[in-house]
2 protein chains.
Amino acid sequence: MENQVTAHEVAKLAGVSQSSVSRVFTKGASVSGKTREKVLKAAEQLGYRPNEYARSLIMRKSSLIGLVMKGVSNPYYPHAVKKFTSELKKLGYSVLLIDTDDIELQMHDIDALLSYHVAGVVIMDATASLQTAEMLKRFRIPAVLFNRVVPGSGLHSVSCENETAAREIARLLIDRGCKSFTYVGGREGASTHIERLKGFTEELENHGFGCQVLPGDFTYGTGYRNGAEMVESGRLTDAVFAVTDIMAYGIFDAFRDRGVRVPEQVKLIGFDDIEMSSWSPYQLSTYAHPVDRMVALSIELLLDPERSHADGEVHYLPGEMKLRGTT
Amino acid sequence: MENQVTAHEVAKLAGVSQSSVSRVFTKGASVSGKTREKVLKAAEQLGYRPNEYARSLIMRKSSLIGLVMKGVSNPYYPHAVKKFTSELKKLGYSVLLIDTDDIELQMHDIDALLSYHVAGVVIMDATASLQTAEMLKRFRIPAVLFNRVVPGSGLHSVSCENETAAREIARLLIDRGCKSFTYVGGREGASTHIERLKGFTEELENHGFGCQVLPGDFTYGTGYRNGAEMVESGRLTDAVFAVTDIMAYGIFDAFRDRGVRVPEQVKLIGFDDIEMSSWSPYQLSTYAHPVDRMVALSIELLLDPERSHADGEVHYLPGEMKLRGTT
DNA sequence: CCCATGTTTGCATACGTATTCATTCCAGCA
DNA sequence: TGCTGGAATGAATACGTATGCAAACATGGG
């Protein structure tokens, strides 16, 4: 950075003023074709790139979007990250990656976002406490919760139609002739868990069925333990709905290891449709997130000046049922 | 960003000069306890954070590290990303995430890195053409290739001891009594592929064995197809070494689907030790990357001013064999 | 009490760019 | 040719911070 090529040097070489150089690189500015050409040639020769720091400083506008990830527990998120980065790149934004260790977006992480005055924040696979939400509002940083809803936070949320999908899943399993049901959940308090649980159990109730609810945490290991326990304690049901594909794999493997056959003895269905679900040992039936549309909507909410600072909108987008071998 | 709290406002509230405010937030600067306290109180009250743009501009030094990812094909990388972000955070750096679609780091992506004059670049799961390497050198951006080596690029490389590990794997399989061998590879030209292939076949040769080499691309699907073809064409061997865990899964599943038993009929071993390898359906024997040490060394290479701009160092770190159920 | 020494402090400036404002340029027309 | 109005240009300034410099201040020894 010490030997940075500046607009002044380009200007000198091109025989114009620094202003003209700037105008060439600022879209919508008025420059004659002649000088534009001279400037571009000089810039090319020197390898000039406008300095983003100076640019963001003077324009009082950041070209960074903060992307908050919790971890690597679920392969579903890296996929969404990829989509975000490539879409944002098209719009001229770069991505500042924040990796929280905690379930919640921490104050410490907020610091980085504030120092760069990011144009917006996407919070994935993590949640924001009301205090954190307040902080974001206070500093007028547009934020959207991706795949999470935090009631009362006033933050935008973009989620899958969890409840509706869970109802659909319930009906599907009933149609398949199942009479007893189990729901294996995610972390207590996670909106995806709550909404899917609600839709599933309510719809079952509507049809006169009950549901065994087992606690979980979105991990394979816990899925496995739950599956093992179901078999060993004799509490196996005709159908199992796992809050997440990853958990479904664990359950599936626990069943298989104990000689329980899927889908003959038990029907199993997950949620997410990550790549692995189509792999041979699983062939898991599941409900696919509309990732692309979720990403597009998130970006829209962040960057539209009309909506970014307005009250939090909560969106539930419809996904698609993917029926494979486990139902 | 329009209503940014500046050091001037803090200064006014605290009754000191802007310089003093700056000094409080610049470590190593000389401030009295009294003013420090006044400033911190005022800053807290106003929610002041130093503006990174102004700071990076005046200091001519970026606090960003570029992290280049190719995609989401291999769960091994997200794990490393997490390690990078958390380690860099400790050192006061933030992460600029670049997502290349291509196998190579593209010029277009370089632009973002240059605009922010990043303090360094980590290139993961992708490679850099000689032209790109030249570009990085020209702009004096320290770079390290993570898990890749590009001879002649002059870039630092931090990799696993691929060749040595592959030899070890060969000896292990020989010890297990295997007489015929297959290597299922990765993308042509990828250094991990080349090095593991070399170590494996050479060591086998040393013991008087040949090796069937099948082409691959690091994906599950290709692993599966290779596995299927081996069975169906009758070219099954006593042992199979897959360049990557992901590919090993595909091979394993193809075998299983066709009634070939692992490890009784075929011994199978992968490379990476991603989380899934310990899952019940696979229990894959594999060789674990020393991720933590690889990350630490990468950061060291980037940030040590003595080494960051020096000629590219190529490091191979030893990992650890993980023997599970497939050998 | 005074001077010497070291520590704090404020002023002014610079980082590289976008943009306002005044000036110059130039095409088009009478 | 002389005018006019719009387009293009350059000079100057501002963004928010770190830092060199000189002035102010504190401290302690004689």
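Side-chain atoms are counted along with the backbone in the values below, which use heavy atoms only and exclude waters and symmetry mates. Protein chains get the first letters and strands the later ones, always in sequence-line order, with residue 1 at the start of each.
- Atom CG of residue Leu91(A) and atom CD1 of residue Ile299(A) lie 6.0 Å apart, to the nearest 0.5 angstrom.
- For the atom pair CE (Met124(A)) and CE (Met69(A)), the distance works out to 7.0 Å, reported to the nearest 0.5 Å.
- Between Val68(B) and Asp109(B) there is no side-chain heavy-atom pair separated by less than 4.5 Å.
- Residues Leu155(B) and Val144(B) have side chains not in contact (no heavy-atom distance under 4.5 Å, counting atoms from C-beta outward).
- Distance check: Asp311(B) CG to His156(B) NE2 gives 8.5 Å after rounding to the nearest 0.5 Å.
- Taking CG of Leu64(A) as the reference point, atom CG of Leu96(A) lies at 5.5 Å (rounded to 0.5 Å).
- Scanning for ring-ring contact (aromatic ring centres under 6.0 Å, His included) contacts around Tyr76(A) gives His289(A), with sequence neighbours left out.
- Note that OG of Ser129(A) and CD of Gln131(A) are 5.0 Å apart. Values are rounded to the nearest 0.5 Å.
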Letter by letter from the 5' end, nucleotides 16-27 of chain C scores (B base, S sugar-phosphate only, - none; protein heavy atoms under 4.0 Å) BBBBB-------
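- Of the residues in residues 27-42 of chain B, those lying under 4.0 Å from DNA chain C by heavy-atom distance are Ser30(B), Val31(B), Ser32(B), Thr35(B).
- No side-chain donor-acceptor contact under 3.5 Å links Ser22(B) and Ser19(B).
- In this structure, Ser20(B) contributes its side chain and Val16(B) its backbone to no donor-acceptor pair below 3.5 Å.
- Applying the ring-ring contact (aromatic ring centres under 6.0 Å, His included) test to every pair with at least one member in residues 16-58 of chain B, sequence neighbours left out, gives these pairs: Tyr116(A)-Tyr53(B), Phe25(B)-Tyr48(B).
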Anything under 3.5 Å between a protein N or O and an N or O of nucleotides 22-25 of chain D, put it in a table, one pair a line.
none

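- Within residues 108-117 of chain B, no residue has any heavy atom closer than 4.0 Å to DNA chain C.
- Looking at Ser153(A) and Leu130(A), their side chains come closer than 4.5 Å, going by heavy atoms from C-beta outward.
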